[in-house]
Amino acid sequence: MKSLLIGGALAALLLPAAASAQTQAIADNHDHACLNAACTQVSIMDAFLEQDAGGHYTGTESPRYGTWGFDLAGRDTSVKPGDDFFRYANGSAFDTLVIPSDRTSYGSFNLLRELSDNRLKVMVDELTARSDLRAGTDEQRIADLYRSYADQARVDQLDAQPIQPLLAQIRQIQTREQMAAWMGGSQARFGASIFGAFISDDAKNPSRYVTYLNQSGIGLPTRDYYLDARYADKKAAYQAYAAQMLEMIGWDNPAAAAEQIVAMETQIAQVQWTPAENRDDDKTYHAFTPAELTAAAPGFDWAGYLNAAGLGAVDTVIVRQDTAFPKIAAVFAETPIETLRAWQAFRTASEAAPYLSQRFSDAQWAFYSHELSGAPEQRVRDKRAVSFAEGAVGEAFGRLYVADYFPASSKAQMEQLVANLRTALANRIQHLDWMSEETKAQAQYKLDHFNVKIGYPTKWRDYSDLSVSGDDLVGNVEAVAKFDWAFELGRLNRPVDKDEWGMTPQTVNAYYDQTKNEIVFPAAILQPPFFDPNADPAVNYGGIGGVIGHEIGHGFDDQGRKSDGDGVLRDWWTAGDATRFQAKTEQLGAQYATYEPIAGFHIDPALTMGENIGDMAGVTVGLDAYHLSLNGQPAPVLDGLTGDQRFFLGWAQVWRSKYRDTALQQQVATDPHSAAQFRVIGPVRNADAWYEAFNVQPGEKYYVAPEDRVRLW
């Protein structure tokens, strides 16, 4: 439903992030963030030097890039722009960039994420130092959530005790009906299911909420990790991890049980849809009544599952992978109950491990963060405690964050940037040579009806029904899970909340939601290198302008184009226009299929198509908007660089990042965003203005002849 800048539960714009393998995806950024005029800024080089022993950025002030918004020293001008524009713009900085020891990647986005974390830590420290916090306030919740996680001694003392009641109940499960009900209950507590449920806007009737059901059941990042020989070592390590976790909770015959668990998950993986298939909005919408679902996917007690999830009264569910559901249900029906119990116990312990004693959290980190993503060290507990509290009550943090770090002037400047981007895209649509007037009218209607959210919500989430304690970490996790699922269930009896946000203000990201037809830009992304009110406008248009164009572009990518200006999933294209669009996307896909971010791992254009189209829109529409902002005046030349050159450099700078090899492998396999270097190279080599700006000539590596350049929006 949503497209993001980076990876995550929404489809976002930012740098692709290797997703947690335990949470299978459910189809699922001011005046330098200064508190006052006297606050200071640091240069980008100083920002990266202001590090602790682990290589982390420790500041609470926004970085400053060069004298006019771009880090000139970070370029590698020994490389021709046409041979590798990513290195030309970022090469020297890339070579000196050190990934902190507890990170799997680092770059512009990570720096700002750490900046947000540092600011949140200041808030937490202030709150935990107070003795006058009133019970039942958001400030008390933040402080107690943090305390419960930070108290290592208490957590170690309890060891596995907090999940023993759950494990005892799992041991008592005797039938598949009982197991299906237990899976349904896992929506609001620790536990796993072979199917996942979530509640969201109905893609075909966006005024109401509806229940979606999604394939699930595997603990590795994607089905390929079970079926592709390139990941055989990861699969073997996963089995060893399952045995380790089962042994730690005292499960009988852990090695044999782990082998059976991985065999079962392999069977599920064999029948699951691929990540690319899961992107198709037409193919992932199938309305069933519960009775119809029972008939279509026998072998699984759907009534018991839905009742236990609190969904027993729903009359319709939307099944996302209709052909996979019967096959997954058959795997469930054919798997011995002993194996299902062991699987549930393992997945429960693994999910709870970060909140249990050190031996559990270390084991879980060693597999998911070290083995799968290559992190050499685990994040210190103090930082994890802040992240835990933020994850639980994110908008409570957000309310404090924007009061301290987001001035109204940034919002006003963003509104002007968005207006110019919309005008630029409207002009482009009007002059498309491949689209009929009929479809153009519908596209303009959609663009006119985009809703824009900037900075923070107009109303904040109410956490008054959430009770937490400063000394019960697992109890807090369970309380948050119950609270969040109750909130989701409550949607079913209410009209869709158009004011709700899918990200917190302190999130360094942005997204497009196609059922609401809206673009959303949290406060934390409105900082350098994306946006700096004192920077050269060309750099801002290449940075945050590219972000805006990317998100608007999602409304017209290969999936976003399927929903109309009112957010309804329907075909509003003429057949000829759809055919011509498809031909252009195939041409674009052929380019991206040649990109190999790491040896043996090529970009999958079917998986990344939407984000690739978004990036192309970011570059082309962003540049047009920059030209509009000049009001007919020539762009100045700064340090020998023209306005267009500075625009493209601004775009490249935001994707400056470095990955560990295993993390990059996982990102290529799982993330709908292309690897960072090709988020720079891919779109610019199709932009005529880039060739003119940098005198890119035939024979250079990424030169594309004019007649072969892909021109969409």
Side-chain angles (χ1 to χ4, degrees), residues 18-25 104 160 163 166-167 170-171 173 179 183 186 190-194 196 215-272 274-275 327-328 330-332 334-354 356 359-375 378 600-601 660-663 665-666 669-670:
S20 167
Q22 279 201 296
T23 306
Q24 188 175 4
T104 61
I163 63 168
L166 289 176
L167 296 174
I170 292 169
R171 286 186 170 93
I173 295 175
M179 180 59 73
M183 290 181 178
S186 69
F190 293 117
S193 177
I194 58 172
Q215 67 183 19
S216 190
I218 61 174
L220 286 168
T222 68
R223 66 194 300 271
D224 286 349
Y225 276 70
Y226 297 85
L227 311 177
D228 190 326
R230 293 178 299 175
Y231 303 105
D233 60 330
K234 306 303 181 189
K235 183 178 179 181
Y238 179 59
Q239 183 170 317
Y241 167 65
Q244 178 188 16
M245 199 57 72
L246 289 171
E247 183 176 17
M248 290 169 67
I249 61 174
W251 204 263
D252 291 340
N253 301 314
E259 183 177 3
Q260 294 158 2
I261 287 168
V262 174
M264 183 191 86
E265 290 192 7
T266 300
Q267 289 182 285
I268 293 174
Q270 288 170 336
V271 299
Q272 281 192 345
T274 67
K327 299 171 185 177
I328 296 172
V331 173
F332 175 82
E334 295 164 3
T335 299
I337 193 67
E338 295 81 9
T339 300
L340 291 171
R341 281 197 299 263
W343 174 79
Q344 190 66 250
F346 156 58
R347 295 291 297 274
T348 296
S350 181
E351 186 178 320
L356 301 177
R359 69 189 184 113
F360 280 92
S361 62
D362 283 353
Q364 197 259 10
W365 171 86
F367 178 70
Y368 281 106
S369 295
H370 178 66
E371 179 65 34
L372 288 185
S373 299
Q378 188 171 187
F601 293 81
R660 301 191 191 279
D661 286 354
T662 50
Q665 290 172 0
Q666 184 178 157
T670 65

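For the numbers below, each heavy atom of this structure counts, side chains included, while hydrogens, waters and symmetry mates do not. Everything numeric here is computed off the predicted structure, so don't read it as measured data.
A 4.5 Å side-chain heavy-atom check between Q267 and K327 finds every atom pair outside the cut-off. In this structure the side chain of S193 reaches within 4.5 angstrom of the side chain of S186, judged on heavy atoms. The shortest side-chain heavy-atom distance between F190 and R347 does not fall under the 4.5 Å cut-off. Between Q666 and T104, the closest side-chain pair of non-hydrogen atoms is not below 4.5 Å. The side-chain heavy atoms of V262 and K235, taken from C-beta on, include a pair separated by under 4.5 Å. The closest side-chain heavy-atom distance from F346 to W251 is not below 4.5 Å. Within the 4.5 Å cutoff, the side chain of F332 has no heavy atoms near those of the I268 side chain.
Surrounding CG of D228 are more than 12 heavy atoms belonging to other residues, nucleotides or ligands, all under 6.0 Å away. Atom CD of E259 sits in a sparse spot, with 12 or fewer heavy atoms from other residues, nucleotides or ligands closer than 6.0 Å. A 6.0 Å sphere centred on CD of E247 holds no more than 12 heavy atoms belonging to other residues, nucleotides or ligands.
Across all non-hydrogen atoms, the minimal contact from G191 to T348 is CA-OG1, 3.5 Å. Here the shortest heavy-atom pairing between S361 and Q378 reads O-OE1, 4.0 Å. Between M248 and A363, the shortest heavy-atom contact is SD-CB, 4.2 Å. Of all heavy-atom pairs between T222 and P275, the closest is CG2-CG, 3.9 Å. In terms of heavy atoms, A349 sits closest to I249 at CB-CG2, 3.9 Å. Pairing each heavy atom of R223 with each of I218, the nearest pair is N-CD1, 3.8 Å.
Remark: of the listed residues Y225, Y238, Y226, Y225 is the sole one forming a ring-ring contact (aromatic ring centres under 6.0 Å, His included) with Y231.
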Working note: L246 + I261, criterion side-chain contact (heavy atoms from CB on, under 4.5 Å); need CA distance, chi angles, decisive distance, verdict. CA-CA 11 Å; L246 289 171; I261 287 168; 3.8 Å; yes
side-chain contact (heavy atoms from CB on, under 4.5 Å) assessment of R341 paired with M179: CA-CA 8 Å; R341 281 197 299 263; M179 180 59 73; 4.2 Å; yes
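Checked by atom type and distance alone, the side chain of T335 pairs as donor or acceptor with a backbone atom of V331 at under 3.5 Å. Here the side chain of S373 pairs no donor or acceptor atom with the backbone of A375 at under 3.5 angstrom. Under a 3.5 Å cut-off, the side chain of Q665 and the backbone N or O of F601 do not form any donor-acceptor pair. Judged by distance alone, with hydrogens and angles left aside, the side-chain atoms of Q364 form no donor-acceptor pair with the main-chain N or O of E351 at under 3.5 Å. The backbone N or O of L372 lies less than 3.5 Å from no partner atom in the side chain of K234, so there is not a single donor-acceptor pair.
Atom CD of E265 and atom CD of Q270 lie 12.5 Å apart (nearest 0.5 Å). Once rounded to the nearest 0.5 Å, the distance linking CG of N253 with CD of E338 reads 11.5 Å. Within the model, atoms CH2 of W343 and CD1 of I337 stand 11.0 Å from one another, a figure rounded to the nearest 0.5 Å. A distance of 8.5 Å separates OG1 in T266 from CG in L220, rounded to the nearest 0.5 Å. Atom CG of L167 and atom CD of Q344 lie 10.0 Å apart (nearest 0.5 Å).
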